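Here is the structure we will look at.
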There are 2 protein chains.
Amino acid sequence: MADQHELRDKGLRLTPQRELVLAAVRELGHATPEEVAEKVRQTHPGINLSTVYRNLETLENVGLVQHTHLGHGGATYHAAEELTHLHLVCGTCGSVGDAPIDVAANFVNALADDYGFKTDVTHFAVYGTCSACFTAESK
Amino acid sequence: MADQHELRDKGLRLTPQRELVLAAVRELGHATPEEVAEKVRQTHPGINLSTVYRNLETLENVGLVQHTHLGHGGATYHAAEELTHLHLVCGTCGSVGDAPIDVAANFVNALADDYGFKTDVTHFAVYGTCSACFTAESK
DNA sequence: GCCTAATTGCGAGTCACTTGCAGGTGTCAC
DNA sequence: GTGACACCTGCAAGTGACTCGCAATTAGGC
Ligand SMILES: [Mn+2]
Ligand SMILES: [Mn+2]
Ligand SMILES: [Zn+2]
Ligand SMILES: [Zn+2]
């Protein structure tokens, strides 16, 4: 019969650190490795930052988490389940808004049809100017 | 009468380093700060990397250059004039393809209409899987 | 239980910038 | 022209965000 635990099912060893990293990503929604470490330290104070980085990578390799780029650097991690929205990042005020992936459906199809390119619209944020900043600047 | 030089027109001092950085960005099309520095050193060997970074920032502030993110980190710079295409980055093989901005027109309009968000499709690359890698992986 | 390979913690290292500062240089006012 | 001064540059040191090597620890199969 199957392994009874999602990590073991993926062929990974079940360590407290690994479970806690995965749990933290799920609770936080979006988080930098630093934020994940901070969260994990609430219950496991000794965890090392490099362990967090390594586990995020491992969990990403088996498809349990993914990373996204919301800003000009770094990455944020989220559970693989919630690939539900794309991010609208405002370059002026830095705000991050959400939009359903459907708004990109035409775009994604066009790239598939014209270039055979299979687009993941969630990996990079969508960059631009939010409505608030746009109305402000055109005053 | 007007200043006769684009840098002075923007209110910037005209230094050899600054001119060379701008010229390098224009010649290179897309380039990392490191690549810009390398190019500039061909005619001005002594230029310091921090001078390149500072000038790229200055030139971006006055709108003569812009930066884009093609990969998971770092930025590449290009002349502001050539906002002509978007980049299709393959997460599997790392290749960077081009596509005209028009393919995103519907997407951009949808975001504008539904969210008042003014999208710059060129700031972040479009991430996904290129046709070569996609056919390979589904073999 | 025991063995082995995977994993962790720790310290050091790297990479890509960023900053402080002292000396140099465009610009503008005379 | 010449001088004053703010702006720039080069250099060296400093950061932030990872990344790596290694010895000690531990999970999981037997
Ligand atoms: Mn950017
Ligand atoms: Mn990425
Ligand atoms: Zn905004
Ligand atoms: Zn590819």
Side-chain angles (χ1 to χ4, degrees), chain A residues 1-25 30-41 43-62 64-65 67-77, chain B residues 1-25 30-41 43-62 64-65 67-77:
Chain A
M1 82 179 203
D3 244 315
Q4 239 25 17
H5 193 291
E6 59 185 334
L7 290 176
R8 311 253 21 243
D9 288 345
K10 296 288 187 177
L12 299 179
R13 283 197 184 173
L14 190 50
T15 69
Q17 291 90 336
R18 190 162 286 165
E19 276 194 289
L20 287 164
V21 166
L22 179 54
V25 169
H30 291 104
T32 63
E34 203 67 57
E35 288 164 343
V36 171
E38 200 177 319
K39 179 79 183 172
V40 172
R41 290 206 179 101
T43 52
H44 188 108
I47 196 170
N48 193 274
L49 194 51
S50 62
T51 300
V52 172
Y53 276 101
R54 288 189 281 228
N55 275 319
L56 286 171
E57 190 184 347
T58 302
L59 293 170
E60 187 160 33
N61 285 338
V62 299
L64 286 170
V65 309
H67 76 265
T68 311
H69 301 275
L70 298 184
H72 299 192
T76 67
Y77 287 81
Chain B
M1 78 175 204
D3 244 317
Q4 238 27 14
H5 193 290
E6 58 185 335
L7 290 176
R8 312 251 23 244
D9 288 345
K10 297 287 187 177
L12 300 179
R13 285 197 183 171
L14 191 51
T15 69
Q17 292 89 337
R18 190 162 286 167
E19 277 193 289
L20 287 164
V21 166
L22 179 54
V25 169
H30 291 105
T32 62
E34 203 68 56
E35 289 164 344
V36 171
E38 200 177 318
K39 180 80 183 169
V40 172
R41 290 206 178 101
T43 52
H44 187 108
I47 196 171
N48 193 273
L49 194 50
S50 61
T51 301
V52 172
Y53 275 101
R54 287 189 280 229
N55 275 320
L56 286 172
E57 189 184 349
T58 302
L59 293 170
E60 186 160 32
N61 285 338
V62 299
L64 287 170
V65 309
H67 76 266
T68 312
H69 301 274
L70 298 184
H72 298 193
T76 68
Y77 287 81

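What you see is a predicted model, and the numbers here were worked out from it, not measured in a lab. So that the names make sense, note that chain A is the first sequence line, chain B the second, and so on, each numbered from 1. Hydrogens, waters and symmetry mates play no part in the numbers below; they use all other heavy atoms, side chains included.
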May I have the distance from A/L56 (atom CG) to C/dT7 (atom C1'), rounded to whole angstrom? 15 Å
If you draw a 6.0 Å radius around CD in B/E19, do more than 12 non-hydrogen atoms from other residues or ligands fall strictly inside? yes
Which atom names give the shortest non-hydrogen contact between A/V36 and A/A24, and what distance separates them? CG1-CB, 4.0 Å
Could you state the CD1-P distance from A/I47 to C/dC10, rounded to the nearest angstrom? 11 Å
Whole angstroms only, please: what is the NE2-P distance between A/H44 and C/dT8? 9 Å
NE2 of B/H69 versus C1' of C/dA16: gap in Å, rounded? 14 Å
May I ask you to say what B/G46 touches in the nucleic acid, namely base, sugar-phosphate or nothing, with a heavy-atom cut-off under 4.0 Å? sugar-phosphate
In whole angstrom, give the distance that lies between atom CZ of B/R8 and atom P of D/dA6. 17 Å
Measuring from A/K10:NZ to A/L59:CG, what's the distance to the nearest 0.5 Å? 10.5 Å
Do the side chain of B/R18 and the main chain of B/R13 share a donor and acceptor less than 3.5 angstrom apart? yes
Using side-chain heavy atoms (C-beta onward) and a distance below 4.5 Å, is A/L7 in contact with A/V62? no
Heavy-atom side-chain proximity of A/Q17 to A/V40 below 4.5 angstrom: no
Could you tell me how far apart B/N55 (CG) and D/dC8 (C1') are, to the nearest whole angstrom? 8 Å
Residue set satisfying side chain to side chain donor-acceptor pair (under 3.5 Å) with A/H44, at least two apart, ordered chain then number -> none
Roughly how far, to the nearest 0.5 Å, is the CG atom of A/L56 from the CG atom of A/N61? 11.0 Å
Which letter, B, S or -, goes with each nucleotide of nucleotides 17-26 of chain D from 5' to 3', with contact meaning a protein heavy atom under 4.0 Å? SSBBB----B
Have a look at the helix from C/dG1-D/dC30 to C/dC30-D/dG1 and give the angle its two end axes make, five pairs each, rounded to 10 degrees. 40°
If every non-hydrogen atom of A/L49 is compared with every non-hydrogen atom of A/R41, which pair is closest and at what distance? N-NH2, 3.9 Å
Mind checking ring-ring contact (aromatic ring centres under 6.0 Å, His included) for B/H72 and listing every partner two or more places apart, or none if nothing turns up? A/H67, A/H69, A/H123, B/Y127
Using a 4.5 Å cut-off on heavy atoms from C-beta on, say whether the side chain of B/L20 contacts that of B/N55. no
List in numerical order all residues of residues 14-24 of chain B for which some heavy atom is under 4.0 Å away from an atom belonging to DNA chain C. B/L14
Expressed as a whole number of angstroms, how long is the span from B/L7:CG to D/dC8:P? 10 Å
Quick check: closest heavy atoms across A/P33 and A/A75, and the distance to 0.1 Å? CD-O, 3.7 Å
Would you mind telling me which of A/V25, A/V21, A/T58 makes a side chain to side chain contact (heavy atoms under 4.5 Å, CB included) with A/V65? A/V25
Set out, line by line, the N/O atom pairs under 3.5 Å between protein and nucleotides 1-4 of chain D.
none

